[in-house]
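Everything numeric here is computed off the predicted structure, so don't read it as measured data.
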Amino acid sequence: MPIGVDALPIETRALARALIGHVLVSDRVDGRTAGRIVEVEAYVPRDAASHAYAGKTARTAVMFGPPLHAYVYLIYGMYHCFNITSEPEGEGAGVLVRALEPLEGIALMQARRGIAAERELCRGPGRLAAALGIDRSADGCPLLAPSPLWLAQPVRAPGRIGSSRRIGISRAPRRLLRFYERGSPFVSGPRNLSP
DNA sequence: AGGATGATCGTCT
DNA sequence: GACGATCATCCTC
């Protein structure tokens, strides 16, 4: 069941933390896949590491649109990264979802990824997008309304949330804007750092 | 266990 | 024309 409109904050950092434990569901013609969010990164307003930093462009337009929509971009010519937009319309910001704990449609994820190991299916932004069948066609998709890509209530309360530097960025590298469920084996980077 | 490398292309300079 | 909010593979320790 989709979550209510007011179930999540839209301030970027608060949203990032609140997303941990929520479930992302992808409904496609070949079936449903779903996973529990265990790792995210916040890309806040006026953040030098954010795609929105240089201003609104065709690619980043949805980052400046209403919150809780999908921002999906192609990286390194071959992977997709899935983000959830944040802040009121007009602000360019979002939350990158970096890892999921697979919950539903495991066999379909395995087929899409070409691997069997459950732990590796959604461990990393490019991997989870592939496992859920997310590509640029999902860009701008609302995540609350009935939609092929939507957020559901947590199935289990999150454990303690840790924070760290963001992964793979060169600008604003010291900001602690990566959040993850401590100790989860499905987290992609360091997973036992700060409280 | 950890570092280097190649794949591959849309986007912005 | 250079460069990624990455990943899989290959190498060395």
Side-chain angles (χ1 to χ4, degrees), chain A residues 11-13 15-17 19-20 24 26 33 35 37-65 67-87 91-102 109-141 143 149 161-181 183 185-193:
Chain A
E11 188 277 317
T12 309
R13 204 174 319 219
L15 174 63
R17 296 188 73 104
L19 282 170
I20 303 289
L24 178 65
S26 170
T33 48
I37 297 171
V38 296
E39 180 187 355
V40 298
E41 283 177 359
Y43 287 85
V44 302
R46 292 170 295 286
D47 175 354
S50 171
H51 286 178
Y53 188 64
K56 187 174 176 178
T57 66
R59 176 179 63 147
T60 63
V62 311
M63 288 190 86
F64 292 84
L68 303 175
H69 286 239
Y71 165 52
V72 182
Y73 64 89
L74 179 68
I75 184 92
Y76 298 111
M78 59 183 86
Y79 299 105
H80 292 276
C81 287
F82 167 75
N83 302 253
I84 297 173
T85 60
S86 58
E87 307 290 343
E91 286 272 24
V95 176
L96 170 69
V97 179
R98 289 195 54 89
L100 306 174
E101 172 183 338
M109 292 183 186
Q110 290 168 327
R112 285 172 175 159
R113 294 266 294 109
I115 62 163
E118 199 166 319
R119 192 173 108 99
E120 309 298 330
L121 289 175
C122 301
R123 198 163 74 113
R127 292 168 172 181
L128 78 86
L132 268 58
I134 296 171
D135 60 23
R136 284 278 294 163
S137 70
D139 192 50
C141 183
L143 297 173
L149 201 53
I161 294 174
S163 61
S164 79
R165 295 178 178 191
R166 292 171 291 185
I167 295 174
I169 56 160
S170 52
R171 288 174 291 184
R174 308 179 60 127
R175 305 187 72 171
L176 303 181
L177 291 173
R178 169 175 172 265
F179 304 98
Y180 55 94
E181 183 175 46
F186 301 99
V187 164
S188 74
R191 46 185 230 267
N192 279 302
L193 300 180

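- Where DNA chain C meets chain A (any atom under 4.0 Å from a heavy atom), the bounding nucleotides read 5' to 3' are C:dG4 to C:dA8.
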TODO: Evaluate the criterion side-chain contact (heavy atoms from CB on, under 4.5 Å) for residue pair A:L100 and A:L132; output intermediate values, then yes/no.
DONE: CA-CA 10 Å; A:L100 306 174; A:L132 268 58; 3.8 Å; yes

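- Contact annotation for A:A49: base contact, defined as any heavy-atom pair under 4.0 Å involving a base atom.
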TODO: Let me have DNA chain C in dot-bracket notation, would you? Count Watson-Crick plus G-U wobble pairs, both distances under 3.5 Å, and use [ ] for pairs crossing earlier ones and | for inter-strand partners.
DONE: ||||.|||||||.

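- Residue A:L74 is classed as a sugar-phosphate contact, given heavy-atom separations below 4.0 Å to backbone atoms only.
- Nucleic acid contact for A:R166: none, since no nucleic acid atom lies under 4.0 Å from a heavy atom of the residue.
- Within 4.0 Å (heavy atoms only), A:R113 reaches sugar-phosphate atoms of the nucleic acid but no base atom.
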Open item on the list: Test side-chain contact (heavy atoms from CB on, under 4.5 Å) on A:I75 and A:H80; report intermediate values, then the result.
Closed with: CA-CA 6 Å; A:I75 184 92; A:H80 292 276; over 6 Å; no

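- Between A:I75 atom CD1 and B:dA7 atom C1' there is a gap of 14 Å when expressed in whole angstrom units.
- Between A:R136 and A:Y76, the residue anchored closer to the 5' end of DNA chain B is A:Y76, taking for each the nucleotide with the nearest heavy atom.
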TODO: Decide yes or no on salt bridge (Lys or Arg N to Asp or Glu O under 4.0 Å) for A:E87 and A:R13, but give the supporting numbers first.
DONE: CA-CA 10 Å; A:E87 307 290 343; A:R13 204 174 319 219; over 6 Å; no

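- Looking at A:R113, its side chain does come within 3.5 Å of a backbone N or O of A:E120 through a donor-acceptor pair.
- Minimum interatomic distance between A:I37 and A:L19 (heavy atoms only, all atoms of both residues): CB-O, 3.5 Å.
- By the neighbour-count criterion of 12 heavy atoms within 6.0 Å, atom CZ of A:R119 is densely surrounded, having more than that number from other residues, nucleotides or ligands.
- Heavy atoms only, all atoms of each residue included: A:S86 and A:T12 are closest at OG-OG1, 2.7 Å.
- Closest-nucleotide positions on DNA chain B for A:M78 and A:R59 were compared, and the one nearer the 5' end corresponds to A:M78.
- Under 4.0 Å is where a charged nitrogen must lie from a carboxylate oxygen, and between A:R123 and A:E118 no such pair does.
- Minimum interatomic distance between A:V97 and A:L128 (heavy atoms only, all atoms of both residues): O-CD2, 3.3 Å.
- Where A:G77 and A:L128 meet DNA chain C, the nucleotide closest to each residue was compared, and A:G77 sits on the side nearer the 5' end.
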